[in-house]
Amino acid sequence: MAALSIRHLRYFDALARQGHFGRAAEHCAISQPALSLQIKDLEDSLGATLVERSAKQIRLTALGEEFALRGRDILRAIDELADLARASRGPLAGRLRLGIIPTVAPYLLPRLIKGLVARYPEIELNPREALTRLLLEDLVGGRLDAAIVALPASEPSLVETALFEEEFVLVRSHDDASRPVPSTTMLREMRLLLLEEGHCFRDQALEVCNIGAPAPRALMEGSSLSTLVQMVGAGIGVTLIPEMAVAVEIRSAAVSVARLEAPRPSRTIGMVWRKTNPLAAQLAEIAAMVREAGLAAMQDAARALETSPGTGGEAPRPDAPPL
């Protein structure tokens, strides 16, 4: 009978989350037969069945579900012990699993990665771009060390550190640059392009325009901010994007960008991590670097807004909250 090991726990956790031997094997970077053998060894060591197998899918038994929950607690505790040792050694080194939402990642990550590698030459950065809900699940589950998201995260087990504010700006056709900037009330009457469901920025844009549950044909959706801006350039409608995205997204589209009327809608970008994470002091240092990178990206956006037709001039930047 094989002895129960940490490796068994990690393989079973992957299988429980993926619900499929092939995907779990790929996640663990081993072959599917090897994973199947490891799960069988685990069941033999317990003398009980954890997984119901069929040709197309797997299901966890009642014991398997309970085993998965308790196993995750054990894995998280083990990872935190390793983090405790890393924290005692001083400057951050080794793997850092950092999550970031899609409406921030393309505009912040290049500058942030460069700064992190320069400051922490021994760091092994593993960024993950995903929707807020998925990032928070992985963070609470111990599969991420920290995440950059729009606040509030509203998760009691996490520390939230506000880093900077960014406005929502209006993107419309280049031909509309000379027209008055519509109010948020007027936007409800226009063809508004939004991100697909699941993106927090979609919900924020709907809130700005005071739109509840829109009819399926009332709005048009895109998979990314780049897609939305290109659709606007093609004359399909208008959209809202976070200010940080301006400098990148308006380069290759025939669009104009304008600030909305006061009070201008905005969001708070921050970094979150588990309250129990032993790397809290190092993560606070990284949060300060995220803030610096974010403010630099905002300066690029302000310059892009100055030169974009239809902006109506530059507006003063909001102050970033102190760390």
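Sequence positions, counted from 1, serve as the residue numbers for this chain.
- With hydrogens and angles left out, the side-chain atoms of Q230 and S252 include a donor and acceptor closer than 3.5 Å.
- In this structure a side-chain-to-backbone donor-acceptor pair under 3.5 Å is missing from E243 to A301.
- Shown here are the salt bridge (charged side-chain N to carboxylate O under 4.0 Å, His left out) partners of K40, two or more places apart in sequence or in another chain: D44.
- Between the OG atom in S256 and the CZ atom in R179 there is a gap of 10.0 Å [rounded to 0.5 Å].
- In this model, no donor atom of one side chain and acceptor atom of the other lie less than 3.5 Å apart for S266 and E167.
- When side chains are defined from C-beta on, R128 counts as touching L134, because their heavy atoms get closer than 4.5 Å.
- Side chain of E160 to backbone of S154: a donor-acceptor contact under 3.5 angstrom is found.
- With a 4.5 Å cut-off on side-chain heavy atoms, R267 and P242 count as touching.
- A donor-acceptor pair is defined here as one N or O able to donate and one able to accept, closer than 3.5 Å; such a pair exists between the side chain of D145 and the backbone of R97.
- Taking CG from L139 and CD from E155, the interatomic distance works out to 8.5 Å, rounded to the nearest 0.5 Å.
- With rounding to the nearest 0.5 Å, the separation of CD in E285 from OH in Y120 is 4.0 Å.
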List the steps and the verdict of salt bridge (Lys or Arg N to Asp or Glu O under 4.0 Å) for E292 and R119. CA-CA 13 Å; E292 293 174 4; R119 182 166 180 177; 5.9 Å; no
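- Using a 3.5 Å distance cut-off with no hydrogens or angles, the side chains of E52 and T61 do not pair a donor with an acceptor.
- Using a 4.0 Å cut-off between a side-chain N of Lys or Arg and a carboxylate O of Asp or Glu, R7 and D41 do not qualify as a salt bridge.
- F201 is not listed as a side-chain neighbour of L194, based on a closest heavy-atom distance of 4.5 Å or more.
- Taking a 6.0 Å sphere around CD of Q204, one finds it holds more than 12 heavy atoms contributed by other residues, nucleotides or ligands.
- Counting only heavy atoms from C-beta outward, the side chains of V171 and V246 never approach each other to under 4.5 Å.
- Put simply, CG on L193 and CG on L225 are 11.5 Å apart, with the number rounded to the nearest 0.5 Å.
- Considering only residues two or more places apart in sequence or on other chains, R70 meets the side chain to side chain donor-acceptor pair (under 3.5 Å) condition with E66.
- Residues V255 and H174 form no side-chain contact, since every pair of their non-hydrogen atoms from C-beta on lies 4.5 Å or further apart.
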Checking I269 against L108 for the side-chain contact (heavy atoms from CB on, under 4.5 Å) test, could you report, in this order, the C-alpha distance in whole Å, the side-chain angles of both residues, the deciding distance, and whether it holds? CA-CA 11 Å; I269 300 300; L108 186 65; 5.6 Å; no
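- Taking CG of L109 as the start and CG of L116 as the end, the distance is 9.5 Å to the nearest 0.5 Å.
- R291 places no side-chain N or O within donor-acceptor distance of the main-chain N or O of A287, the cut-off being under 3.5 Å.
- Side-chain N/O atoms of E166 and Y107 include no donor and acceptor closer than 3.5 Å.
- Salt bridge annotation for D13-R10: absent, with no cationic side-chain nitrogen under 4.0 angstrom from a carboxylate oxygen.
- Note: M190 CE to T239 OG1 = 11.0 Å, rounded to the nearest 0.5 Å.
- Taking the side chain as every heavy atom from C-beta outward, V51 and L60 approach each other to under 4.5 Å.
- Under the 4.5 Å side-chain criterion, counting only non-hydrogen atoms from C-beta, R259 is not in contact with V181.
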